[in-house]
Asker: 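There's a structure below that I have some questions on.
None of the values given here were measured: they were computed from a predicted structure.
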Amino acid sequence: MVEPEIVEPGAVEPGREEAAEVRRFWAGLGLPGLIDVHTHFMPERVLRKVWEYFDANGPLIGGLAWPITYRAEEAERTAVLREFGVRAFTSMLYPHKPGMARWLNDWAVDFARRTPDCLHTATLYPEPDTGEYVREALDAGARVFKAHVQVGDYDPADEQLRSAWGMLAEAGVPVVMHCGSGPAPGRFTGPESAARVLARHPRLRLIVAHLGMPEYEAFLGLAERYPQVHLDTTMAFTDFTESFMPFPQRALPRLADLGDRVLLGTDFPNIPYPYLHQLRALERLELGSDWLRAVCHDNAAKLFAL
């Protein structure tokens with residue numbers, strides 16, 4: 001392993017120089033661009049509330065200093081991703097209380113219509129009408145769902161979600177689930193709850209966000225057991241995350257073996273370092289160009305038929 005390149009938050013200003021470096025990265029791999037399965041777009045007033053929470057170092061982010069590198073209006077943020085050469089991205093959005101998911105899904109329909117390079121994203125929450133609005137979202141063309149167990153503070157194995165998981169499994173529509181206990185644990189985070197969902201719905205295309213940090217090895221185990229389980233790289237291996245939730249070196253061979261089910265995710269725009277740093281962090285793992293090509297583009301292209 002090479003020594004990590006330390007990138008302080010804010011050390012590289014996002015702009016044309018960074019965009020050129022990002023493009024050189026994927027062009028050097030012979031790729032047509034990047035596919036990022038974990039980016040956040042949501043109604044502006046909701047996103048502002050999220051940023052305020054990060055600015056206040058709230059308990060769900062472990063009290064960490066977390067400056068937002070790409071704090072900008074929606075149009076500028078989409079333009080940045082396009083400048084980077086991101087061919088497809090998501091609008092990860094999530095409710096924190098009942099009655100919110102349907103409204104977010106309605107917004108997401110409009111965002112997907114006016115943003116053709118966005119994979120139409122929807123969300124869900126355990127409540128009496130979950131199955132109804134999940135069906136509506138699927139009928140409207142949703143291609144990926146987001147579930148945030150930590151922020152939503154719910155058990156993903158809740159009975160009110162059972163029909164929704166069944167519909168998603170049957171439709172083959174992936175769900176990106178923040179179910180690991182990082183950066184701070186919740187009442188229902190950890191591999192056990194996700195394992196209960198998969199035991200009921202083994203064909204569910206679950207994408208474990210953040211590689212399941214910090215329970216990396218347990219979530220690798222779920223991916224090894226269930227062939228439809230994928231993992232996204234969001235914030236993993238960056239200097240920021242390695243400083244408090246490092247990925248165990250002994251698990252790298254297992255990650256390499258799962259190279260066809262690891263997907264690039266970044267958490268853009270809510271990251272405390274430049275986008276390029278996530279790519280360099282993956283590169284310095286030295287798992288090879290084939291692995292990088294698969295992670296940064298080809299696996300998601302296959303999963304979403306792009």
Asker: Decide, yes or no, whether a salt bridge links Glu136 with Arg102 under the criterion of side-chain N to carboxylate O below 4.0 Å.
Answerer: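 A salt bridge is present here (some side-chain N lies under 4.0 Å from a carboxylate O).
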Asker: Could you give the distance from CG (Leu64) to CG (Asn57), rounded to the nearest 0.5 Å?
Answerer: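 The distance works out to 8.0 Å.
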Asker: Would you kindly say whether His38 and Asp267 are connected by a side-chain donor-acceptor distance under 3.5 Å?
Answerer: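 His38 vs Asp267: donor-acceptor pair found between side chains.
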Asker: A side-chain contact here means heavy atoms from C-beta on lying under 4.5 Å apart; do His178 and Lys146 qualify?
Answerer: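 With C-beta onward as the side chain, the pair touches.
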Asker: Is there a side-chain contact between Lys49 and Pro43, using heavy atoms and a 4.5 Å cut-off?
Answerer: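 A side-chain contact under 4.5 Å is absent here.
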Asker: Do you know which two heavy atoms are closest between Pro183 and Gln150, and how far apart they sit?
Answerer: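 Closest pair (atom of Pro183, atom of Gln150, distance): CD-NE2, 4.2 Å.
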Asker: Kindly write out the residues that satisfy side chain to side chain contact (heavy atoms under 4.5 Å, CB included) with Glu44, not counting sequence neighbours, or none if the list is empty.
Answerer: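 Partners of Glu44 under the side chain to side chain contact (heavy atoms under 4.5 Å, CB included) test: Leu47, Arg48, Glu73, Glu74, Arg77.
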Asker: Checking side-chain polar atoms at under 3.5 Å, does His210 have a donor or acceptor matched by the opposite partner on Asp232?
Answerer: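 Distance-only check fails for His210 and Asp232.
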Asker: So, Arg205 side chain and Val173 main chain: donor-acceptor pair closer than 3.5 Å or not?
Answerer: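 No, because the side chain of Arg205 does not come within donor-acceptor range (under 3.5 Å) of the backbone of Val173.
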Asker: Go through the structure and list residues passing ring-ring contact (aromatic ring centres under 6.0 Å, His included) with Trp103, not counting sequence neighbours.
Answerer: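 None.
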Asker: So, does Thr130 use its side chain to make a donor-acceptor pair with the main chain of Tyr125 at under 3.5 Å?
Answerer: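 Checking the backbone N and O of Tyr125 against the side chain of Thr130, a donor-acceptor pair under 3.5 Å is found.
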Asker: Minimum heavy-atom separation for Pro191 and Ala218, please, with both atom names.
Answerer: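 Closest pair (atom of Pro191, atom of Ala218, distance): CG-CB, 3.6 Å.
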Asker: Answer yes if the ring centres of His148 and His96 are under 6.0 angstrom apart, and no otherwise.
Answerer: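 His148 vs His96: aromatic centres not under 6.0 Å.
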Asker: If the condition is ring-ring contact (aromatic ring centres under 6.0 Å, His included), which residues does Phe247 pass it with, not counting sequence neighbours?
Answerer: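 So Phe247 forms a ring-ring contact (aromatic ring centres under 6.0 Å, His included) with Tyr216, Phe237.
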Asker: Between atom OH of Tyr133 and atom CG of Asp139, what is the distance when rounded to the nearest 0.5 Å?
Answerer: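 It comes to 15.0 Å.
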Asker: For the pair Phe89 and Thr115, evaluate side chain to side chain contact (heavy atoms under 4.5 Å, CB included) and give the outcome as yes or no after the intermediate values.
Answerer: CA-CA 10 Å; Phe89 52 90; Thr115 315; 3.8 Å; yes
Asker: Under 4.0 Å between a Lys/Arg side-chain N and an Asp/Glu carboxylate O for Arg284 and Asp239?
Answerer: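 Yes, Arg284 and Asp239 are salt-bridged.
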Asker: Spell out, as yes or no, whether a donor-acceptor pair under 3.5 Å connects the side chain of Thr233 to the backbone of Gly265.
Answerer: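 Answer holds: yes.
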Asker: Would you list the pairs meeting ring pair (Phe, Tyr, Trp, His ring centres under 6.0 Å) in which at least one residue belongs to residues 283-306, sequence neighbours left out?
Answerer: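 As it turns out, there is no ring pair (Phe, Tyr, Trp, His ring centres under 6.0 Å) pair with a partner in residues 283-306 once direct neighbours are skipped.
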Asker: Using 0.5 Å steps for rounding, measure from the CG atom of Asn105 to the CG atom of Leu124.
Answerer: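 One finds 8.5 Å between CG of Asn105 and CG of Leu124.
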Asker: Which value, rounded to the nearest 0.5 Å, describes the distance between Leu222 atom CG and Leu206 atom CG?
Answerer: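 Nearest 0.5 Å value for the CG-CG distance: 8.0 Å.
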Asker: Please report the shortest heavy-atom distance between Ala195 and Tyr226, naming the atom on each side.
Answerer: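 It is O-OH, 4.5 Å.
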Asker: Does one hydrophobic cluster hold both Val149 and Met245, with members joined at side-chain heavy-atom distances below 4.5 Å?
Answerer: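 Yes: a chain of side-chain contacts under 4.5 Å links Val149 to Met245.
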Asker: Would you please test Leu282 and Leu264 for side chain to side chain contact (heavy atoms under 4.5 Å, CB included) and show each step?
Answerer: CA-CA 9 Å; Leu282 297 174; Leu264 174 66; 3.9 Å; yes
Asker: Is there a path of hydrophobic side-chain contacts, each under 4.5 Å between heavy atoms of I, L, V, M, F, W or Y residues, that connects Phe84 with Ile35?
Answerer: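 No; Ile35 is not reachable from Phe84 via cluster members.
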Asker: Could you pull out the closest heavy-atom pair between Val37 and Ala300, with the gap in Å?
Answerer: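 Looks like CG1-CB, 4.0 Å.
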Asker: Is there a side-chain contact between Leu34 and Leu279 (heavy atoms, below 4.5 Å)?
Answerer: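 Contact flag for Leu34/Leu279 side chains = yes.
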Asker: Within the side chain of Glu18, is there an N or O that forms a donor-acceptor pair under 3.5 Å with the backbone of Tyr275?
Answerer: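 Yes, the answer is positive, given that a donor and an acceptor are paired below the 3.5 Å cut-off.
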Asker: Suppose we screen for ring-ring contact (aromatic ring centres under 6.0 Å, His included). Which residues come up paired with Phe244, at least two apart in sequence or across chains?
Answerer: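 Checked Phe244 against ring-ring contact (aromatic ring centres under 6.0 Å, His included); matches are Phe240.
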Asker: Rounded at 0.5 Å granularity, tell me how far CG in Leu81 sits from CD in Glu76.
Answerer: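 Separation between the atoms: 11.5 Å.
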Asker: Could you go step by step and tell me if Val50 and Asn270 meet the side chain to side chain contact (heavy atoms under 4.5 Å, CB included) rule?
Answerer: CA-CA 9 Å; Val50 171; Asn270 305 333; 4.2 Å; yes
Asker: Using the rule that two of Ile, Leu, Val, Met, Phe, Trp, Tyr join whenever any of their side-chain heavy atoms come within less than 4.5 Å, decide whether Leu303 and Leu198 are in one cluster.
Answerer: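 Different clusters: Leu303 never reaches Leu198 through Ile, Leu, Val, Met, Phe, Trp or Tyr contacts under 4.5 Å.
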Asker: For Ala169, is there any backbone N or O sitting under 3.5 Å from a side-chain donor or acceptor partner on His201?
Answerer: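 Not confirmed, His201 side chain does not pair with Ala169 backbone.
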Asker: Do side-chain atoms of Glu215 reach the backbone of Ser181 as a donor and acceptor pair under 3.5 angstrom?
Answerer: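 Between the backbone of Ser181 and the side chain of Glu215 there is a qualifying donor-acceptor contact (under 3.5 Å).
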Asker: Ion pair present between Arg82 and Asp117, side-chain N to carboxylate O less than 4.0 angstrom?
Answerer: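 Looking at Asp117 together with Arg82, the answer is yes, because their closest N to O distance falls below 4.0 Å.
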Asker: List for me each residue that meets side chain to side chain contact (heavy atoms under 4.5 Å, CB included) alongside Ala294, sequence neighbours excluded, and say none if there are none.
Answerer: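 For Ala294 the side chain to side chain contact (heavy atoms under 4.5 Å, CB included) partners, ignoring immediate neighbours, are Asn299.
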Asker: Are the charged groups of Asp298 and Lys302 less than 4.0 angstrom apart, N to O?
Answerer: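 No salt bridge links Asp298 with Lys302.
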Asker: Looking only at atom types and distance, does a side-chain atom of Arg200 sit under 3.5 Å from a main-chain N or O of Ala157, one as donor and one as acceptor?
Answerer: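 It does hold such a pair.
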Asker: Go through the steps to decide whether Trp66 and Asp55 satisfy the test side-chain hydrogen bond (donor to acceptor under 3.5 Å, both in side chains), and finish with yes or no.
Answerer: CA-CA 7 Å; Trp66 199 306; Asp55 291 342; over 6 Å; no
Asker: Gly131 and Ser163: which non-hydrogen atoms are nearest, and at how many Å?
Answerer: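 For Gly131 versus Ser163, the nearest heavy atoms are CA-OG, 3.8 Å.
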Asker: Are any of the side-chain nitrogens in Arg16 or Glu83 under 4.0 Å away from the carboxylate oxygens of its partner?
Answerer: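 Judged by the 4.0 Å cut-off on N to carboxylate O distance, Arg16 and Glu83 do not form a salt bridge.
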Asker: Which atoms form the tightest heavy-atom contact between Ala137 and His120, and what is the distance?
Answerer: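 Taking Ala137 first and His120 second, the nearest heavy atoms are O-CE1, 4.5 Å.
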Asker: Phe41 pairs by ring pair (Phe, Tyr, Trp, His ring centres under 6.0 Å) with which of Phe111, Tyr70, Trp107, Tyr94?
Answerer: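 The passing option is Phe111.
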Asker: Decide, yes or no, whether a salt bridge links Arg280 with Glu21 under the criterion of side-chain N to carboxylate O below 4.0 Å.
Answerer: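 Result for this pair is yes, salt bridge flagged.
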Asker: Does Gln278 reach the main-chain N or O of Ala236 with its side chain, forming a donor-acceptor pair under 3.5 Å?
Answerer: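 Yes, because the side chain of Gln278 sits within donor-acceptor range (under 3.5 Å) of the backbone of Ala236.
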Asker: Do you reckon Ile207 sits in the same ILVMFWY cluster as Val295, going by side-chain contacts under 4.5 Å, direct or chained?
Answerer: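 Ile207 and Val295: separate clusters.
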Asker: Check for a donor-acceptor pair, side chain of Thr121 on one end and backbone N or O of Leu119 on the other, with a separation under 3.5 Å.
Answerer: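 A pair under 3.5 Å: yes.
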Asker: Check whether any side-chain N or O of Ser193 sits under 3.5 Å from a backbone N or O of Phe188 as a donor-acceptor pair, and report yes or no.
Answerer: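 Confirmed, Ser193 side chain pairs with Phe188 backbone.
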Asker: Counting C-beta onward and ignoring hydrogens, is there a side-chain heavy-atom pair between Val176 and Val144 closer than 4.5 Å?
Answerer: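 In contact.
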Asker: Pick one: which of Leu255, Leu211, Asp257 meets side-chain contact (heavy atoms from CB on, under 4.5 Å) with Leu220?
Answerer: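 In the set Leu255, Leu211, Asp257, the residue that makes a side-chain contact (heavy atoms from CB on, under 4.5 Å) with Leu220 is Leu255.
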Asker: I would like to know whether Asp155 and Arg196 meet salt bridge (Lys or Arg N to Asp or Glu O under 4.0 Å); could you show each step before the answer?
Answerer: CA-CA 10 Å; Asp155 186 346; Arg196 290 199 298 274; 3.0 Å; yes
Asker: At what distance, to the nearest 0.5 angstrom, does CE of Met177 lie from OG1 of Thr189?
Answerer: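 Answer rounded to 0.5 Å: 12.0 Å.
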Asker: Could you tell me whether Asp290 and Arg293 have a side-chain N and a carboxylate O separated by less than 4.0 Å?
Answerer: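 Salt bridge present between Asp290 and Arg293.
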Asker: Taking a hydrophobic cluster as the set of Ile, Leu, Val, Met, Phe, Trp and Tyr residues connected by side-chain heavy atoms closer than 4.5 Å, whether directly or through intermediates, do Met92 and Val175 fall within one such cluster?
Answerer: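 No, no single cluster joins them.
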